[in-house]
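These notes are about the structure you will find just below.
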2 protein chains.
Amino acid sequence: MVHSGPDSSPPYYDPPMVTIADVARAAGVSPSTVSYVLSGKRSISETTRRRVHHSIRVLGYQPNAGARALASSRTNVVALVVPLRSDLNVPVVMEFVTATATAARTYDHDVLLLTADEGAAGLHRVVASSLADAIIVMDVEAAEPRVPVLRELGTPAVLIGVPDDPHGLTCVDLDFTAAGSDCVHHLADLGHRDIALIGPSPAVYRRGTSYAGRFLSGFRRTAATRGVEAATMACVPTYDGLRECLDDLLAGHRPATGLVVHNEAILGPLLSELARRQLSVPEDVSVLAVCPPDVAQAQAVPLSSVDIPAVELGRLAVELAMRLLDGPAEPEVRLLPPRLTARGSTGPVVA
Amino acid sequence: MVHSGPDSSPPYYDPPMVTIADVARAAGVSPSTVSYVLSGKRSISETTRRRVHHSIRVLGYQPNAGARALASSRTNVVALVVPLRSDLNVPVVMEFVTATATAARTYDHDVLLLTADEGAAGLHRVVASSLADAIIVMDVEAAEPRVPVLRELGTPAVLIGVPDDPHGLTCVDLDFTAAGSDCVHHLADLGHRDIALIGPSPAVYRRGTSYAGRFLSGFRRTAATRGVEAATMACVPTYDGLRECLDDLLAGHRPATGLVVHNEAILGPLLSELARRQLSVPEDVSVLAVCPPDVAQAQAVPLSSVDIPAVELGRLAVELAMRLLDGPAEPEVRLLPPRLTARGSTGPVVA
DNA sequence: CGGCATCGTGTTAGCGCTAACGTCAGAACC
DNA sequence: GGTTCTGACGTTAGCGCTAACACGATGCCG
């Protein structure tokens with residue numbers, strides 16, 4: 001039992017910092033040897049390696065991050081810029097964040113969290129103060145203002161999403177154009193001649209969020225190819241907005257028989273509202289969602305969907321960032337192919 | 001235009017690191033003076049201060065985080081441990097995370113993101129390697145295994161949620177006991193004699209997540225006081241689970257007329273299912289939710305609810321962490337009083 | 001058997017910053 | 001006119017680590 005003074009409960013107990021010198025002494029080697037054992041940057045005999053590792057374990061040594069960063073100009077931290085908006089898909093964002101953090105750990109890196117409201121200045125701050133080695137940016141807009149800053153900073157960076165001009169930058173995303181296209185094909189194959197896209201909130205389109213536009217264009221192009229009548233609407237994430245949407249889409253003289261929903265927040269309300277209107281899925285109307293699989297499963301009717309592979313994207317973003325750190329790699333735009341899973345909310349048109 | 005060599009696009013451009021010495025030279029003072037201007041730890045004449053600030057701005061100086069941490073043993077980083085579980089309230093978690101990051105910035109701190117799967121070892125790692133000055137832990141269980149580690153580490157820590165034995169630790173949370181109580185009072189005041197609590201997934205109870213239990217006990221105790229018949233069930237977040245739940249609650253010879261829903265994920269499905277059963281809200285059944293206000297608003301029927309003040313909690317957690325850093329402060333358990341907002345999904349019992 | 005890789009290890013100069021210690025001028029006091 | 005005090009600043013010793021340099025001991029070749 002440790003007794004540290006007259007008062008038995010000191011407010012904060014000073015941590016007994018273990019340094020590399022302590023380890024070196026315990027193992028009977030020089031500090032640099034310990035360092036080299038840890039970094040593997042030069043050959044070490046099996047016996048000393050074992051002795052060093054043993055001492056490290058016994059003493060509970062953890063290299064001081066600041067000192068290491070100072071000496072090596074490597075922080076082993078990647079910065080992750082998350083959006084603050086509530087008009088986008090929160091569960092997807094969260095999945096992505098945790099996937100990034102988890103993936104970073106497998107590369108012995110940590111994640112520093114930045115919010116988008118710091119804007120380009122935040123990127124500059126983090127780089128200039130050497131808080132991180134690489135940056136991952138989510139929620140990229142078409143005319144992304146942070147892109148020129150990233151290019152100029154010259155820091156390894158990975159964007160989630162593809163800006164209009166990705167020149168020189170590494171990007172990852174779902175291939176939303178293909179996703180839009182696949183959705184149309186799926187419904188057209190089932191015989192639907194009148195379909196509709198219920199997209200994200202108008203605000204998302206307005207600020208030119210890249211994925212929304214790409215999905216839309218894939219959707220429209222393929223609709224034209226397949227000779228399918230395709231309505232498209234943005235939908236504000238409220239119940240009233242949704243009602244109007246449906247009034248428009250289902251009340252014309254050629255009502256839509258297939259709905260593609262690229263707006264996770266309104267999936268639940270949509271199904272409720274369809275039920276209220278006595279429209280059954282998929283008999284009266286087919287519903288195809290764009291969302292993570294677990295969300296699709298959890299609905300009243302398990303939904304056919306195109307997965308948003310947030311976890312995979314997070315892992316990939318980290319992987320590419322690490323590659324950039326290892327040595328200059330060609331910038332690339334990596335689009336994951338969409339995967340459509342039928343779950344019973346889409347079916348053939350009933351004549 | 002900068003031209004840096006024969007090849008016009010070098011993969012990565014070396015950042016021209018500006019040091020405190022550069023600033024000092026430009027301002028005609030010593031490095032320490034610049035440091036003191038920045039920290040305010042000793043008096044500086046107005047003229048010098050201005051000259052220094054000017055040079056800082058002109059050169060775009062940002063102190064090197066590693067060097068600063070090494071010299072001062074202060075990182076200006078708080079670690080935030082987020083849960084990885086998908087069985088809890090994702091939007092609330094995300095709100096909390098962003099609120100924490102934003103609040104930390106107002107104190108000139110950054111946030112390092114840890115995932116709960118690193119467990120106690122992660123806490124040790126972060127502290128031992130001096131990656132952060134303080135730790136904020138979310139999703140605290142009743143018998144929280146990380147609590148003893150935190151106590152022993154002696155690092156300033158704030159828990160979101162209250163473990164069984166919070167002795168010596170600072171905790172913040174919504175007062176879930178009071179929230180459970182308030183819900184019963186609200187329904188009882190409206191004349192309901194038979195109410196039910198639909199709680200989180202059984203997994204949440206099983207692992208003893210503190211808030212679930214506290215809400216439940218507040219609910220039960222007050223139900224007893226008010227002489228209200230109160231059923232309680234955990235509900236798995238699937239549509240089928242929900243159906244069973246409702247079968248039990250609404251089919252007895254004394255069916256519940258008021259539902260308290262402490263499970264954000266099933267709010268949507270619940271309303272759909274009630275509609276399917278031709279039960280209208282609040283005429284046939286009152287629904288009272290525990291969730292953030294925006295979620296309550298976005299439902300088919302705007303829901304009366306007890307707010308989960310994620311943003312406020314995040315801010316508060318950071319604030320308390322900063323207080324702990326400033327100097328040893330008394331550990332405290334801070335419970336925010338619940339706020340119940342009636343939105344029309346709860347009404348008097350129709351006889 | 002001398003030279004020359006190669007391997008395993010020690011020694012040490014910083015990395016950029018902070019904070020403890022000095023210094024020095026002028027005000028204030030008796 | 002000493003003495004003390006109090007701003008306002010300069011000088012410098014580390015913080016813990018990495019990586020460049022150095023060095024002895026083998027082994028192998030001619």
Side-chain angles (χ1 to χ4, degrees), chain A residues 14-53 55-56 59-77 108 125-131 133, chain B residues 14-53 55-56 59-77 108 125-131 133:
Chain A
D14 231 6
M17 160 94 83
V18 181
T19 74
I20 200 171
D22 297 328
V23 175
R25 210 170 307 123
V29 298
S30 78
S32 66
T33 297
V34 177
S35 173
Y36 284 119
V37 166
L38 254 22
S39 70
K41 288 191 180 173
R42 77 180 184 191
S43 54
I44 302 280
S45 73
E46 193 48 36
T47 44
T48 42
R49 185 201 316 286
R50 254 201 287 275
R51 275 223 311 285
V52 169
H53 273 133
S55 302
I56 287 178
L59 298 178
Y61 170 69
Q62 285 285 134
N64 180 294
R68 175 173 272 189
L70 185 56
S72 68
S73 37
R74 279 288 224 113
T75 61
N76 274 34
V77 168
D108 196 31
R125 182 177 69 82
V126 165
V127 171
S129 58
S130 296
L131 272 167
D133 301 327
Chain B
D14 232 5
M17 157 95 84
V18 181
T19 74
I20 201 172
D22 297 328
V23 175
R25 211 170 306 122
V29 299
S30 78
S32 67
T33 298
V34 177
S35 174
Y36 285 119
V37 166
L38 254 20
S39 70
K41 289 191 180 171
R42 78 179 183 191
S43 54
I44 301 281
S45 73
E46 191 50 35
T47 45
T48 317
R49 186 203 314 287
R50 253 202 288 274
R51 275 222 311 285
V52 169
H53 272 133
S55 303
I56 287 178
L59 298 178
Y61 170 69
Q62 286 284 132
N64 181 293
R68 175 173 273 189
L70 185 55
S72 68
S73 37
R74 279 288 226 113
T75 61
N76 273 34
V77 168
D108 195 32
R125 183 177 67 84
V126 166
V127 171
S129 58
S130 296
L131 273 167
D133 301 326

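Letters A, B, ... are given to chains in the order of the sequence lines, protein chains preceding strands, and every chain is numbered from 1.
- When rounded to the nearest whole Å, the span between CG of B:Leu59 and P of C:dG16 equals 15 Å.
- When rounded to the nearest whole Å, the span between CD1 of A:Ile44 and C1' of C:dT6 equals 15 Å.
- We find that CG of B:Leu38 is positioned 11 Å from C1' of C:dT18, with the value rounded to whole Å.
- Between B:Pro31 and the options B:Asp22, B:Ile20, B:Val23, a side-chain contact (heavy atoms from CB on, under 4.5 Å) holds for only B:Ile20.
- As a whole-Å value, the separation of A:Asn76 CG from D:dT18 C1' is 13 Å.
- Residue-to-nucleotide proximity on DNA chain D shows that, of B:Ser45 and A:Ser39, the 5′-proximal contact is made by B:Ser45.
- In this structure, of D:dC9, D:dT18, C:dT18, it is D:dC9 that holds the atom nearest to the side chain of B:Thr48.
- In this structure, the OH atom of A:Tyr36 is 15 Å from the P atom of D:dC17, given to the nearest Å.
- Distance CG (B:Asn64) to P (D:dC15): 18 Å, rounded to an integer number of Å.
- Taking every side-chain heavy atom of B:Ile20 into account, C:dC17 is the closest of C:dC17, D:dT18, C:dG10.
- Considering only the side chain of A:Thr33, C:dT9 comes nearest among C:dT9, C:dC17, C:dC15.
- Per the geometry, CE belonging to B:Met17 stands 16 Å off P belonging to C:dG14, to the nearest Å.
- Under 4.0 angstrom from either OP1 or OP2 of D:dA8 there lies at least one side-chain N or O belonging to B:Ser43.
- A distance of 9.5 Å separates OG1 in B:Thr19 from CG in B:Asn64, rounded to the nearest 0.5 Å.
- A sub-4.0 Å separation between OP1 or OP2 of D:dC15 and a side-chain N or O of A:Thr19 is absent.
- You'll find that the side chain of B:Ser30 is closest to D:dG10, out of D:dC15, C:dC17, D:dG10.
- For the pair B:Lys41 NZ and D:dC9 P, the computed distance is 19 Å after rounding to whole Å.
- The base of C:dG10 sits with one of its N or O atoms less than 3.5 Å from a complementary donor or acceptor on the side chain of A:Arg42.
- Contact between the side-chain N/O atoms of B:Ser32 and the OP1/OP2 oxygens of C:dT18 is not found at any separation under 4.0 Å.
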